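Only one structure is covered here, and it is reproduced in the block below.
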Amino acid sequence: MQLKTILNRVQKFKSFVYQSVQWSESDGVLTLVIEMVARAHSDPLCSGCGRRGPGYDRMETRRFEFVPLWGIPVLFLYAMRRVNCKRCGVKVESVPWARGKHTLTGAYMQFLATWAKRLSWQEVAAIFQTSWEKVFHSVEWAVEWGLAHRDISKVESIGVDEVLWHRGHPYLTVVYQIDAESLLSKTSFLEELGVK
Ligand SMILES: [Zn+2]
């Protein structure tokens with residue numbers, strides 16, 4: 001099975017294709033380099049308003065870090081296009097695998113943020129051979145994403161409790177949603193904190 005087949009299975013894009021996969025070796029570090037190209041006749045998406053518009057020009061090739069495979073770093077290479085947008089003027093296109101100026105793909109940030117819930121950020125950085133800053137930005141990104149996508153429209157009632165965390169420490173205020181499912185999660189949340 002080819003690596004492109006695997007990538008298309010885990011993360012397939014409508015307007016972009018995985019063009020080629022190559023080895024790259026520098027300073028003894030082996031990397032998988034994946035060249036991304038836009039599908040023919042697909043206009044770039046404006047990062048200002050999210051609408052498609054005619055291409056304006058192409059910028060320098062950027063590198064985006066994807067989730068490492070078998071411990072081998074994986075890089076996407078892509079030269080971002082600029083859009084001549086009717087509403088916003090000339091804007092850089094938005095791509096589905098990364099946001100803004102981030103050099104890490106969303107998939108990799110999600111991956112690091114998930115590990116950062118279980119290990120210290122320093123440990124995550126060491127294990128995945130990345131920097132503490134990149135782990136930090138991944139957590140920050142995941143928190144922002146969570147806040148932007150949370151849905152509190154169905155919350156009808158909340159409960160507030162004061163619990164004693166550890167003896168000699170201040171009380172902890174717990175705010176929770178009252179329904180069967182959320183009470184269960186409140187219990188496991190308190191267990192995580194070591195509160196009886
Ligand atoms: Zn626009």
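Model, not experiment: these values are computed from the prediction. Both ligands and their constituent atoms are indexed starting at 1 by order of listing.
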Checklist outcome for this item: Taking 2.8 Å as the strict upper bound, the Zn ion (ligand 1) has protein N, O or S neighbours numbering 4
Next on the checklist: Using the ring centroid of each side chain, check whether Phe66 and Tyr108 are separated by less than 6.0 Å.
Outcome noted: no
Item to check | Between Thr5 and Gln2, a side-chain donor and acceptor under 3.5 Å | outcome: no
Item to check | For His102, side-chain hydrogen bond (donor to acceptor under 3.5 Å, both in side chains) partners two or more places apart | outcome: none
Next on the checklist: Using the ring pair (Phe, Tyr, Trp, His ring centres under 6.0 Å) criterion, which residues pair with Phe64? Sequence neighbours excluded.
Outcome noted: Trp97
Item to check | Common cluster, Val33/Leu3, ILVMFWY with side-chain heavy-atom separation under 4.5 Å | outcome: no
Pairs under 3.5 angstrom only: tabulate donor-acceptor contacts from the side chains of residues 128-140 to other protein residues two or more places apart or in another chain.
residue : atom : partner : partner atom : Å
Ser131  : OG   : Lys134  : N            : 3.2
Lys134  : NZ   : Glu65   : OE2          : 2.6
His137  : ND1  : Glu140  : OE1          : 3.3
Ser138  : OG   : Lys134  : O            : 2.7

